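Beneath this line is the structure, given in structure tokens, with notes to follow.
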Amino acid sequence: MSALVPSAVREIADGYAFTGPALDLGAVLLDGTAYADAPVRVPLAVLNRHGLVAGATGTGKTKTLQLIAEQLSAQGVPVFLADVKGDVSGVAAPGEPGERTAARAAEVGQDWRPQGCPAEFYALGGLGSGIPLRATVTSFGPLLLSKVLDLNETQESSLGLVFHYADRNGLELYDLKDLTAVITFLTSPEGKEELKGIGGISAATAGVILRSLTLLENEGAGAFFGEPEFDTAELLRTADGGAGVVSVLELPAVQDRPRLFSTFLMWLLADLYQELPEVGDLDRPKLVFFFDEAHLLFKGASKAFLEAITQTVRLIRSKGVGIFFVTQTPKDVPADVLAQLGNRVQHALRAFTPDDAKALKATVSTFPKSPAYDLGEVLTSLGTGEAVITVLSEKGAPTPVAATRLRAPQSLMGPIAPAALQAAVDGSALAGKYRDAIDRESAYEKLAARAARPEAEPVPEPVPEPVPDPASAGGAEPARERSPERSSGRSPERAQEGGGGLLGSLMSNPALKSFARSAGTQLGREISRSLFGTSRRRR
């Protein structure tokens with residue numbers, strides 16, 4: 001390092017002198033000067049400790065995502081990016097050289113070379129040009145669907161009961177018409193009788209849910225629910241050369257349905273959490289997930305939903321998955337979630353109003369003390385492509401706060417041409433697997449057939465399984481009395497985690513426990529559900 005570098009810059013640079021593999025973010029910035037000899041980096045091994053990218057509109061958050069994503073891909077780490085504004089597809093194409101790019105590279109000591117990443121392009125339910133992503137209603141679960149439908153806690157609880165009934169009775173909820181059919185049946189005289197022991201669903205509550213489902217269908221979002229369901233393992237792929245595949249989810253077509261796309265992103269995380277094994281801390285994450293417009297996820301969320309998000313963020317780290325929430329200010333993210341985030345990239349904030357000033361003060365208070373900067377002043381004077389950064393070191397301690405001039409992405413800073421995007425989608429090996437929707441027999445067809453019978457016979461009461469004599473079985477545990485964690489193959493700790501939230505509270509009801517015990521022959525049909533009430537995928 002040059003002797004002309006100020007001592008404050010040296011001290012900051014020492015905090016980023018990592019020995020293992022790391023991503024290069026930029027160069028230390030002090031008093032308007034970038035010091036190329038003082039790089040700011042983030043260790044690859046700590047990216048499963050999650051992070052936050054925040055800043056006002058137009059400050060360069062999207063380019064920061066692109067910069068991090070392309071370096072992760074080059075290091076063999078798959079990446080998921082939500083493309084809300086439609087300008088991230090350029091990550092698949094080499095960047096275009098120019099005077100501004102060359103000047104930025106010289107300022108931060110970057111050897112800039114145009115280079116794209118292997119990429120897959122997706123769209124929710126085919127609402128866009130990407131490969132359609134779908135999820136069944138059953139796998140989505142009642143808690144996430146309640147968020148999409150903007151239900152209150154009473155309606156959410158009733159929807160959970162609907163899912164529980166469908167799970168127990170082999171009524172597959174693949175699409176919205178299946179769910180509508182089950183709700184309609186449970187409010188009929190016959191359905192009310194079947195739910196008699198566990199409370200039932202009021203006509204008013206059912207009406208609210210059905211109207212919300214109709215509205216969702218009319219908005220075109222019904223195309224997202226159905227089959228073939230997307231296998232989240234596709235997000236963990238690497239290309240032939242070893243580079244991580246960047247999965248870009250195209251969202252502009254559903255911008256007017258923010259609850260749908262933000263909740264779908266949470267479904268992806270919940271499904272990954274269920275399917276991935278525990279791996280602890282790795283030398284590099286299995287996947288880094290960028291959750292753009294994160295404030296939409298938390299706005300208006302129920303207490304149960306927020307608790308499930310916090311739990312998922314805390315536990316998914318041990319599955320090798322890192323999450324970066326992207327939003328305008330840290331106050332958009334609940335404190336319990338914010339406390340789980342170890343890496344921070346804070347772009348400029350504005351302080352035009354008293355509320356802005358309050359948000360700025362709150363943001364400054366969340367950073368470690370910095371002798372080199374007046375953070376209140378720095379955060380309001382940063383230019384586009386500059387940010388205040390602090391990350392976790394290889395030992396897990398926070399690095400010094402560093403105002404940073406960020407590197408320029410080496411991929412295209414803007415969308416690729418529509419023809420190139422369509423060619424990439426058509427040439428994908430996944431297009432044939434997910435493009436065409438299918439409609440199998442499910443709850444709608446089964447209930448329609450049942451109603452069409454001249455005199456529908458009542459469903460016979462299931463015969464409970466006999467309880468083996470422990471003595472005659474050599475002290476073996478009776479099948480009916482087997483603990484939930486043993487019957488699901490999970491540890492007691494996992495069973496406790498999975499039993500929380502909506503289903504856990506339902507199952508604590510004595511009447512519902514009695515109903516569950518009486519469903520002896522139906523036990524094989526029950527769907528095991530996770531923190532969010534999402535179903536476990538059946539391989």
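Quantities reported herein were computed from a predicted structural model and do not represent experimental measurements.
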Original post:
Are the aromatic rings of F289 and F324 close, with centres under 6.0 Å apart?
Top reply: no
**OP:** Find the distance between CG (D83) and OH (Y122) and round it off to the nearest 0.5 Å.
**Re:** 14.5 Å
**OP:** Report the C-alpha separation of Q346 and T329 in whole Å, then their side-chain angles, then the decisive distance to 0.1 Å, and conclude whether the side chain to side chain contact (heavy atoms under 4.5 Å, CB included) test is met.
**Re:** CA-CA 8 Å; Q346 177 66 61; T329 73; over 6 Å; no
Subject >> Stepwise side chain to side chain contact (heavy atoms under 4.5 Å, CB included) check, T310 with R314 >> reply: CA-CA 6 Å; T310 304; R314 182 166 66 246; 3.8 Å; yes
Original post:
Ring centres of F264 and F224 under 6.0 Å apart?
Top reply: yes
Original post:
Is there a side-chain contact between L382 and T59 (heavy atoms, below 4.5 Å)?
Top reply: no
Original post:
Is V425 close to R435 at the side-chain level, that is, under 4.5 Å between some pair of heavy atoms?
Top reply: yes
Original post:
Are Q410 and R113 close enough that some pair of their side-chain heavy atoms sits under 4.5 Å apart?
Top reply: yes
Subject >> Stepwise side-chain hydrogen bond (donor to acceptor under 3.5 Å, both in side chains) check, T363 with T366 >> reply: CA-CA 5 Å; T363 299; T366 63; 5.6 Å; no
Subject >> Inter-residue atom distance L47.CG - L287.CG, 0.5 Å rounding >> reply: 11.5 Å
Original post:
Quick check: does any side chain N or O of Q110 sit under 3.5 Å from a backbone N or O of R407, one acting as donor and the other as acceptor?
Top reply: no
Original post:
Could you state the interatomic distance from CG (L25) to CG (N343), rounded to the nearest 0.5 Å?
Top reply: 9.0 Å
**OP:** Rounded to the nearest 0.5 Å, what's the gap from OG1 on T380 to CG on D356? Could you check?
**Re:** 11.0 Å
**OP:** Give the minimum heavy-atom separation between W267 and R134, together with the two atoms involved.
**Re:** CH2-O, 4.3 Å
**OP:** Name the orientation class of the two ring planes belonging to F325 and F298 (parallel below 30°, tilted from 30 to 60°, perpendicular beyond 60°).
**Re:** tilted
Original post:
Is any side-chain heavy atom of L81 closer than 4.5 Å to a side-chain heavy atom of S247?
Top reply: no
**OP:** Could you walk me through whether E275 and T232 pass side-chain hydrogen bond (donor to acceptor under 3.5 Å, both in side chains), step by step?
**Re:** CA-CA 9 Å; E275 297 302 314; T232 50; over 6 Å; no
Original post:
Taking all atoms of both residues into account, what is the closest heavy-atom pair of G320 and N48, and its distance?
Top reply: C-CB, 4.4 Å
**OP:** Taking all heavy atoms of E107 and all of R405, pick out the closest pair and write down the distance.
**Re:** OE1-CD, 3.2 Å
Original post:
Do F80 and E120 come within less than 4.5 Å of each other through their side chains, counting heavy atoms only?
Top reply: no
Subject >> Basic-acidic side-chain contact under 4.0 Å: K299, D332 >> reply: no
**OP:** To the nearest 0.5 Å, tell me how far T327 OG1 sits from H295 NE2.
**Re:** 5.5 Å
Subject >> Worked check of salt bridge (charged side-chain N to carboxylate O under 4.0 Å, His left out) between D24 and R41 >> reply: CA-CA 5 Å; D24 294 306; R41 312 165 74 220; 3.1 Å; yes
Subject >> Flag side-chain contact, heavy atom, 4.5 Å: P114 against E96 >> reply: no
**OP:** Using the side-chain hydrogen bond (donor to acceptor under 3.5 Å, both in side chains) rule, take E229 and S139 through it: C-alpha gap first, then chi angles, then the decisive distance, then the call.
**Re:** CA-CA 9 Å; E229 182 172 82; S139 78; 2.4 Å; yes
Original post:
If we only count heavy atoms from C-beta on, is the E278 to K319 side-chain gap below 4.5 Å?
Top reply: yes
Subject >> pair I68-L23: side-chain heavy atoms closer than 4.5 Å >> reply: yes
Subject >> Cation-aromatic face contact R344/F367, 6.0 Å, 45 degrees >> reply: yes
**OP:** Go through E234 and Y434 one step at a time and tell me if the side-chain hydrogen bond (donor to acceptor under 3.5 Å, both in side chains) criterion holds.
**Re:** CA-CA 11 Å; E234 311 283 13; Y434 294 109; 2.8 Å; yes
Original post:
Less than 4.0 Å between a side-chain N and a carboxylate O, is that true for K61 and D292?
Top reply: no
**OP:** Write down the atom of P415, the atom of S89, and the distance for their closest heavy-atom approach.
**Re:** CA-OG, 3.2 Å
Subject >> Distance-minimising heavy-atom pair for F230 and L133 >> reply: CD1-CD2, 3.3 Å
Original post:
For the residue pair V391 and Y16, what are the closest heavy atoms and their distance?
Top reply: CG2-CE2, 4.0 Å
